Undergrad: 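Quick one: this structure, given as structure tokens, is what I'll be asking you about.
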2 protein chains.
Amino acid sequence: MTTLIGDVLTITELAREAGVTARAIRFYESKGLLIPRRAGTTRIYTHRERGRLQLILRGKRLGFTLTDIGEYLDLYDADPTQHDQIVLLLDKVNNRIGELESQKADIDDTLKELSSVRAQALAAM
Amino acid sequence: MTTLIGDVLTITELAREAGVTARAIRFYESKGLLIPRRAGTTRIYTHRERGRLQLILRGKRLGFTLTDIGEYLDLYDADPTQHDQIVLLLDKVNNRIGELESQKADIDDTLKELSSVRAQALAAM
DNA sequence: AACCAAGGTGACGTTAACGTCAACTAAGTT
DNA sequence: AACTTAGTTGACGTTAACGTCACCTTGGTT
């Protein structure tokens with residue numbers, strides 16, 4: 001393949017950079033989460049796609065489904081010039097914030113319990 | 001069925017209380033995450049099983065697999081009298097704590113971004 | 001005795017998120 | 001020209017976590 005000029009990547013380069021397989025990246029695209037441009041048939045990835053991939057991976061680490069992540073990504077693309085869009089956007093954002101806040105609470109509860117388990121284990125040594 | 005006496009529940013009662021299906025509870029048992037006593041063939045659930053079910057559900061909310069959750073539950077059952085067990089336990093606990101801390105960091109990053117999205121939406125109104 | 005609701009045990013179906021071929025194409029290499 | 005190296009598109013396989021029957025059993029109720 002021709003070496004790409006400028007700040008763009010091929011699928012394998014992006015895959016290695018992000019620590020995922022090329023198959024996974026194509027799969028995300030088939031779900032509409034990534035829409036790279038093409039040079040003929042070959043996919044080319046720019047800074048924008050790299051950012052979106054990072055958001056996808058973070059969403060996965062947080063336990064969201066790809067469908068969830070798709071809606072989440074739409075928040076960034078939503079056109080904030082239409083009033084109805086704004087209201088919808090604010091609603092979605094607030095919901096997501098609520099979800100994450102309660103997830104943080106779960107994590108904090110779990111961390112407390114693990115500290116207690118650890119303390120008991122140390123006491124038994 | 002005979003009404004159970006004392007602080008114990010049938011599978012449907014536990015299911016309703018926890019907001020899951022009886023099928024799911026039997027499934028968790030088949031994976032070794034719950035081991036209720038039996039009255040004949042009927043499963044009976046005590047305070048202990050209720051607590052474990054809550055831990056299972058929280059683990060799921062946090063995005064862990066049932067296999068992960070199984071190991072996690074073992075941490076509470078581990079016999080802390082044997083030195084080797086303690087060392088292993090501490091290792092697992094510390095790993096889990098590390099995972100959760102980085103998950104919290106992911107959440108905080110996402111919350112910041114969402115706040116920014118929200119601020120921009122509000123500014124556009 | 002007849003019945004019925006709650007519970008039990010397989011066994012198969014389903015969705016999500018990829019992995020794994022297989023077969024083909026386009027672009028440099030030798 | 002022959003070969004090799006990405007990259008592409010189906011198509012089928014796989015694992016996790018249950019849902020959904022279908023069929024059987026048991027303990028109260030009528």
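Chain naming here is simple, since letters A, B, ... match the order of the sequence lines and numbering starts at 1 in each. A quick note: this is a predicted structure, and the numbers were derived from the prediction, not measured. Basis for what follows: all heavy atoms, side chains included, without hydrogens, waters or symmetry-related copies.
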Undergrad: Hey, mind stepping through Asn94(A) and Leu114(B) against side chain to side chain contact (heavy atoms under 4.5 Å, CB included) and telling me if it holds?
TA: CA-CA 8 Å; Asn94(A) 285 328; Leu114(B) 287 176; over 6 Å; no
Undergrad: Does a side-chain N or O of Tyr28(B) approach OP1 or OP2 of dC18(D) to a distance below 4.0 Å, or not?
TA: yes
Undergrad: Would you indicate, yes or no, if dG19(C) has its OP1 or OP2 atom less than 4.0 angstrom from a side-chain nitrogen or oxygen of Arg26(A)?
TA: no
Undergrad: Give a yes or no on this: more than 12 heavy atoms of other residues, nucleotides or ligands lie within 6.0 Å of atom CG of Leu122(A).
TA: yes
Undergrad: Does Phe64(B) or Thr41(B) map to a spot on DNA chain D nearer the 5' end, using the closest nucleotide for each?
TA: Phe64(B)
Undergrad: Quick one: is Thr10(A) getting a side-chain N or O under 4.0 Å of the dA6(D) phosphate, OP1 or OP2?
TA: no
Undergrad: Taking only side-chain nitrogens and oxygens of Arg43(A), does any of them come within less than 4.0 Å of OP1 or OP2 of dG7(D)?
TA: no
Undergrad: With respect to the side chain of Ile11(B), which nucleotide from dA6(D), dA17(D), dG7(C) is positioned closest?
TA: dG7(C)
Undergrad: Between the base of dT20(D) and the side chain of Arg23(B), is there a donor-acceptor distance below 3.5 Å?
TA: yes
Undergrad: Once you round it to whole Å, what is the distance between P of dG8(C) and CD1 of Ile44(B)?
TA: 11 Å
Undergrad: Starting from P on dA16(C), measure out to CG on Leu66(B) and report it in whole angstrom.
TA: 18 Å
Undergrad: Looking at Glu17(B), I want to see if its CD is surrounded by more than 12 non-hydrogen atoms of other residues, nucleotides or ligands under 6.0 Å.
TA: yes
Undergrad: Nearest-Å distance, CG (Leu9(B)) to P (dG7(C))?
TA: 11 Å
Undergrad: From CG of Leu33(A) over to P of dA16(C), roughly how many Å is that when rounded to an integer?
TA: 13 Å
Undergrad: May I ask you to check whether Arg43(A) and Thr10(A) show a side-chain donor-acceptor distance below 3.5 Å?
TA: no
Undergrad: Of the listed nucleotides (dA6(C), dA17(C), dA17(D)), which one gets closest to any side-chain atom of Thr65(A)?
TA: dA17(C)
Undergrad: Rounding to a whole Å, what distance do you find between Phe27(B):CZ and dG8(C):P?
TA: 17 Å
Undergrad: Choose from dT8(D), dA6(C), dG7(D) the nucleotide whose nearest atom is closest to any side-chain atom of Arg38(A).
TA: dT8(D)
Undergrad: Nearest whole angstrom, please: distance from the C1' of dG7(D) to the CD1 of Ile25(A).
TA: 13 Å
Undergrad: Considering just the side-chain nitrogens and oxygens of Thr42(A), establish if one lies under 4.0 Å of OP1 or OP2 belonging to dA6(D).
TA: no
Undergrad: When the distance from CZ of Arg61(A) to P of dA17(C) is rounded to whole Å, what number comes out?
TA: 16 Å
Undergrad: Establish, from distance only, whether the side-chain atoms of Glu113(A) and Tyr76(B) form a donor-acceptor pair under 3.5 Å.
TA: yes
Undergrad: With a 4.0 Å cut-off on heavy atoms, is Lys31(B) in touch with a base, just the backbone sugar-phosphate, or nothing at all?
TA: nothing
Undergrad: Counting only side-chain heavy atoms from C-beta out, which of dA17(D), dA6(C), dC18(C) sits nearest to Thr12(B)?
TA: dA6(C)
Undergrad: Please give, in whole Å, the distance from dG7(C) P to Glu29(B) CD?
TA: 14 Å
